[in-house]
**Q** 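Let me give you the structure first, and then I'll get to my questions.
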Number of protein chains: 2
Amino acid sequence: MQELEKEIQPKCLTCSARAISIFNDLNPEEIKNIEEISSCQLYKKGETLFNEGAYPRGIFCVQSGKIKVSQTGLDGKEQIVHLIHDGNIMGHRAILGEDTYSCSAVAMEDSTVCFISKTPFYNMVEKSAKLALKIAHLLSDELKEAERKITDTAQRPVRDRIAQGLLTLKRNYGLEADGVTINLIVKREELANIASTTRETATRLLYELQERGVIELVGKKIKILDEQKLKSRS
Amino acid sequence: MQELEKEIQPKCLTCSARAISIFNDLNPEEIKNIEEISSCQLYKKGETLFNEGAYPRGIFCVQSGKIKVSQTGLDGKEQIVHLIHDGNIMGHRAILGEDTYSCSAVAMEDSTVCFISKTPFYNMVEKSAKLALKIAHLLSDELKEAERKITDTAQRPVRDRIAQGLLTLKRNYGLEADGVTINLIVKREELANIASTTRETATRLLYELQERGVIELVGKKIKILDEQKLKSRS
DNA sequence: CATCATACATGACAAAAATCATAAATTAAA
DNA sequence: TTTAATTTATGATTTTTGTCATGTATGATG
């Protein structure tokens, strides 16, 4: 069944996410332009923004929300490749690489996401070496992270990768007001797909970390009690 | 002891590698400029071009040669992240990301490599959105490959990864005149570090592939007898 | 509230791949 | 060419992690 699309009027000038995005230092005129060529929409938890293999229609700018970007591996097993938060953009790799999407994106929580169509976006970048350089900078950062993840996935034991996964969640989504609880409800299986392991192993290792007093599992949430110990395992 | 540096006069205009590089469609004036700001040097087999963690002084353009780009993982174990061949560039990620090198580069065979210093290179890119877009395109392709490698490393069995490693070698370095022999002498340990496994396992699986008639090991070289079977395992 | 589906916990077991150990072969150096 | 160093081969063993099976908790839905 067709999802009801919830259109929202983009307000880039005052968008708090823009300030921390690659569009942070545009001049008012450029911001006006972006506002004109972009649309904005609410995605409910579980909704798909785009699918691996599809042709990209444009790029997505996350105003607020939590989105997983993942690939399909062997036997359809999901590998989560990026964890997206406010101010991040998605789809730029496919657009700049003149390629189909290499990943799918699914909202892990209700998310407000702006969209800029391919052509106007490309026109903008073609005119501004500064913007192109910013995107190259972003891609460079992402490439560095991906390369390091190859090495870690290949060489570190699952125990370390789970610890790293928890730290990544903290880095991307922060902690709740109490200063210890990871600000995302993550399923065992999702954590497993971040850390490249199985649901069962993730379960076991979370309990082991709890035994050792490193984390605490409270309901569906995870509290980080001893970040140093997590870091020492990664 | 200090290596003797072998300076070579760059001849970008007629460089066969440039034609297949990101500098392929520069106009004669731009080529002249590149020639002026670049130097060219021979690296002997085993020599290091740059080291992980160091500050980049510029980018490298490979005129001819075979270079491995690798990271140091757990207990110093090498993970080979890229296999570089004629026309490829290196160091752009660190420059564009305003970062240190995330990998080291070592010549696997004698290689002729040009060098463009950071500042003149950056000046050039700042002036040309087209060039910046090309680099973004290149980074996009590299990011795609890296992301896929994460998933494969995480999910595929070693057997598949060795097969993929061999195909990667063929893709990057081609075959000898006989049409079957991979055009690179690769040590067991290096193949292992491409496929994210151990030397022993690489040895065993190569022999298994030979038993099954998929490859043939002749001296230090590897012949691909049945590429389809290799592909079916990847 | 009952029932149905989904997510989670946990033990037993199996498989894959790493590690360790040793020897052989090949290559480089004296 | 002899010796030393490096690389490779291969068996035995252990470790890690995945798989399978089953039961429980949790939460949604009629």
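Atoms considered below: every heavy atom in the structure, side chains included; atoms not considered: hydrogens, waters and symmetry mates. Note on naming: letters A, B, ... go to the chains in the order of the sequence lines (proteins, then strands), and numbering restarts at 1 for each one.
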**Q** Among all residues two or more places apart in sequence or in another chain, which pass the side chain to side chain contact (heavy atoms under 4.5 Å, CB included) test with Leu217(B)?
**A** Arg188(B), Leu206(B), Tyr207(B), Gln210(B), Ile215(B), Ile222(B)

**Q** Under a 4.0 Å N-O cut-off, is there an ion pair linking Glu78(A) with Lys68(A)?
**A** yes

**Q** Within this structure, what is the CG-to-P distance between Asp75(A) and dG18(D), rounded to whole angstrom?
**A** 14 Å

**Q** I need the CG-C1' distance between Leu191(B) and dT7(D), as an integer number of Å.
**A** 14 Å

**Q** Please name the residue in the list His137(A), His82(A), His92(A), Arg93(A) that meets the side chain to side chain donor-acceptor pair (under 3.5 Å) test with Glu142(A).
**A** His92(A)

**Q** Within a strict 4.5 Å, meaning less than it, do heavy atoms of the Cys114(B) and Gln63(B) side chains meet?
**A** yes

**Q** Answer yes when Asp152(B) and Arg161(B) have at least one side-chain N-carboxylate O distance shorter than 4.0 Å, and no when they do not.
**A** no

**Q** Atom CZ of Arg161(A) to atom P of dT17(D): distance rounded to whole Å?
**A** 7 Å

**Q** Between Leu217(B) (CG) and dT8(D) (P), how many Å, whole number?
**A** 11 Å

**Q** Can you see if the side chain of Thr197(A) gets near the phosphate of dG18(D) - specifically, an N or O under 4.0 Å from OP1 or OP2?
**A** yes

**Q** Could you give the NZ-to-P distance, from Lys187(A) to dT26(D), as a whole number of Å?
**A** 17 Å

**Q** Chain B on DNA chain C: first and last contacting nucleotide, 5' to 3', under 4.0 Å to a heavy atom?
**A** dA17(C) to dT27(C)

**Q** So, is Thr203(B) near the phosphate of dT8(D), with a side-chain N or O under 4.0 Å from OP1 or OP2?
**A** no

**Q** Is it the case that the base of dG18(D) and the side chain of Arg204(A) share a donor-acceptor contact (distance under 3.5 Å, atom types as modelled)?
**A** no

**Q** With a 4.0 Å cut-off, would you call Arg148(A) and Glu52(B) a salt bridge?
**A** yes

**Q** Figure out the CZ/P separation between Arg188(A) and dT26(D), and round it to whole Å.
**A** 12 Å

**Q** Starting at atom CZ of Arg199(A), determine the distance to atom P of dT22(D), rounded to an integer number of angstrom.
**A** 15 Å

**Q** Test salt bridge (charged side-chain N to carboxylate O under 4.0 Å, His left out) on Glu147(A) and Lys149(B); report intermediate values, then the result.
**A** CA-CA 9 Å; Glu147(A) 286 170 347; Lys149(B) 187 148 185 168; over 6 Å; no

**Q** Report the distance from atom CD of Gln155(A) to atom P of dT17(D), rounded to the nearest whole Å.
**A** 14 Å

**Q** Starting at the 5' end of DNA chain D, which residue's closest nucleotide do you reach first, Arg159(A) or Leu206(B)?
**A** Leu206(B)

